[in-house]
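Have a look at the structure below before the remarks.
Just so we're clear, the structure is a prediction, and the values are computed from it rather than from any experiment. As a basis for the values below, the full set of heavy atoms in this structure was taken, side chains included, without hydrogen atoms, waters or symmetry mates. Just so you know, residue 1 is the first one in the sequence shown, and it goes up from there.
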Amino acid sequence: MKNTKSLSRKSHLMGTKIRNLRKRNNLTMEDLSARCIRVNAEIAPSVSYLSMIERGKRVPSEEMLTVIASVFQKQMDWFLDDVPEEKAITPMKGSRGGISGIALEPSFLFSNEILQIAIPEMLSQTGTSGRQFAHLLIRAHQEHHQNHFPDLERAAEEVGLKRMPLSVDDLLEIAKQQGLMIKWFKKLPAAIAKEMGIMSSTNGTNLVTSFFDSPGTIYINHILKSFTNRLKYDIAVHIGHSVLHNRDGLKSVLLTGLNPNNTFSEDGSQLKQSSTLDAQDILHAWRDFESSFFAGALLCPKVPFRQLLDRQGYEIKTHEQVGVSASVAMRRMTAVSSYRHWHYFDAYAPGKLKAVYRGNGIPLPWGNMREVEDPCQHWAVFRMINTPVKGSSAQISILNVGDEPRIYCCESTNVKDMSNNDHVLCTGIDLNPAIDAQGGDSASIAEDLKQACVQGGGSSAIPASIKSQLTSVARILNINWVERGIESDARLICARGAVCPRKPSCYSNCSE
């Protein structure tokens, strides 16, 4: 047994190595301490003690070092040798882990004058409304920033004081502090219905859940009294409008469900059906996004929620402990996780995406804003629409992005909205950056796994050597469903319009 004194003689690079590992995995000292507590609460280092270890002011005991080594899936001796790491592997800020940006030439084609002429014509020909296009622009902005909006986070924290969970009464009190009044309705007022172009409060596929009326009244559908999670979300969104936009008179109407004509944005707000893109479209769409993000940050404040997810291994059922919907929790995972390469889908049968977030540049399995006829049936989220899955749905998938295969893992869940429509929520990560961050060769591993699946007719048990590497990465990420996905067969998937990697190709007739 090595004691602390003997460890100190071999600890020249220990603090530096621990710090490099922590930063490589985007962990704060609080995060690392919490991870260590999960392994062994009795001997886990505190934040202050970790700081002293990293600065070389303290040498951990053998037991404590074993705990730290377990978090990073390293042998203890790795920390004690005098060999520095071959290279510093630090994630690049803004790296999406997906499709890289391409310089577009000739530049004159993208001048303001040309775009002002071309965009309305394009929207008219494709049937895309101006406000839908505005949401696409905002989503691109969201993905570029990897769902990281610190100003919105801080605004929500100042209002909610980082409390979690918040009850309905808590939110009503916050609304009162903002000078907002709550009123309930059973039938949508005719004036609101006429102004927003809504025939009734419900049409079978969607439901008007609430709306804000200037100067400070929130009208809430009485049905929400039976749907606490949705009630809390709606109140939080309207609080967001009040805090961020100073109740400037813009009406905000929230809906749930999916309109057959796709006239609603991903957060349920009303969309105009005009192919003209004007300043109001951008303003409404941006405020919808800001208020929806604010609501998630208010209900699931970043640090407390991340700590809870860390303790629970990022299980989707964690949403039950916070008292929010699975949708809110899964969206927040993409924003609060120390790992940045996430994606999120909210999909309705037979092939419509109501919401999508692609922080890793993953190609879409469907066209957004409209139904497509040729989605790949092997995407986990699409398979679950057709055949609901009980228990874990974790799936490892290999998808070509450009000419290179990438490894993804996702977990999906079947849910019903308040209009009783079945849909599937899916959250997942791109594993390639995680493999590279641990010194692995993700391109080679992905290619080997792809070939195994090709030889297996489209799916394959993960070979032992790859399984070992992916398991280590999953444990460092601390995401339980990645480990579960590794235990099942990996599947080849393809994006709409891509070349099917299966042999023989099944793209023209995908089926289970």
Nearest heavy-atom neighbours spanning [X] and [Y]:
| X | Y | answer |
| --- | --- | --- |
| Gln321 | Leu308 | NE2-CD1, 3.8 Å |
| Gln146 | Arg340 | O-NH2, 2.6 Å |
| Leu244 | Ala155 | CD2-CB, 4.0 Å |
| Arg306 | Val336 | CD-O, 3.0 Å |
| Leu172 | Ile235 | CD2-CD1, 3.8 Å |
| Cys409 | His343 | O-CE1, 4.4 Å |

Are any non-hydrogen side-chain atoms of [X] and [Y] less than 4.5 angstrom apart?
| X | Y | result |
| --- | --- | --- |
| Tyr408 | Ile362 | yes |
| Tyr314 | Asn480 | no |
| Asp346 | Tyr344 | yes |
| Cys300 | Val324 | yes |
| Leu180 | Ile182 | no |
| Phe305 | Met164 | yes |

Ring centroid separation [X] to [Y] under 6.0 Å:
| X | Y | value |
| --- | --- | --- |
| Phe289 | Phe149 | yes |
| Phe212 | His241 | no |
| Tyr219 | Phe185 | no |

For [Y], is there any backbone N or O sitting under 3.5 Å from a side-chain donor or acceptor partner on [X]?
| X | Y | value |
| --- | --- | --- |
| Asp31 | Thr28 | yes |
| Glu411 | Ala394 | yes |
| Asn221 | Leu224 | no |
| Glu143 | Arg358 | yes |
| Asp417 | Asn421 | yes |
| Ser292 | Asp288 | no |
| Lys232 | Leu166 | yes |
| Arg35 | Ile476 | yes |
| Ser393 | Ser412 | yes |
| Asp310 | Gln307 | no |

If you measure from [atom1] on [X] to [atom2] on [Y], what distance do you get to the nearest 0.5 Å?
| X | Y | atom1 | atom2 | result |
| --- | --- | --- | --- | --- |
| Trp184 | His222 | CH2 | NE2 | 10.0 Å |
| Ile486 | Gln395 | CD1 | CD | 13.5 Å |
| Leu309 | Arg332 | CG | CZ | 9.5 Å |
| Leu399 | Cys494 | CG | SG | 8.0 Å |

Going through the distances and angles, do His378 and Leu492 end up as a side-chain contact (heavy atoms from CB on, under 4.5 Å)? CA-CA 7 Å; His378 300 286; Leu492 293 176; over 6 Å; no
Measure the acute angle between the ring planes of [X] and [Y], then classify it against the limits of 30° and 60° as parallel, tilted or perpendicular.
| X | Y | answer |
| --- | --- | --- |
| Trp481 | Trp342 | perpendicular |
| Trp286 | His141 | perpendicular |
| Tyr339 | His341 | perpendicular |

Gln178 vs Glu173, side-chain contact (heavy atoms from CB on, under 4.5 Å): CA-CA, chis, key distance, verdict: CA-CA 9 Å; Gln178 293 295 319; Glu173 179 60 29; over 6 Å; no
Identify whether the distance between the nearest side-chain nitrogen and carboxylate oxygen of [X] and [Y] falls below 4.0 Å.
| X | Y | result |
| --- | --- | --- |
| Arg406 | Asp430 | yes |
| Arg230 | Asp234 | yes |
| Glu153 | Lys302 | no |
| Arg484 | Glu315 | yes |

side-chain contact (heavy atoms from CB on, under 4.5 Å) with Ile385: of Val424, Asn414, Asp422, only one passes, and it is Val424
Does a sphere of radius 6.0 Å around NZ in Lys317 hold more than 12 heavy atoms from other residues, nucleotides or ligands, not counting ones at 6.0 Å or beyond?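 Check fails, neighbour count at 12 or below.
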Answer yes or no: does atom CD of Gln177 have more than 12 heavy-atom neighbours from other residues, nucleotides or ligands under 6.0 Å? yes
Pair Ser46, Ser48 - check side-chain hydrogen bond (donor to acceptor under 3.5 Å, both in side chains), show working. CA-CA 5 Å; Ser46 65; Ser48 60; 3.2 Å; yes
For the residue pair Thr209 and Tyr233, confirm or rule out a side-chain donor-acceptor distance under 3.5 Å.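 Tyr233 and Thr209 do not have a side-chain donor-acceptor pair below 3.5 Å.
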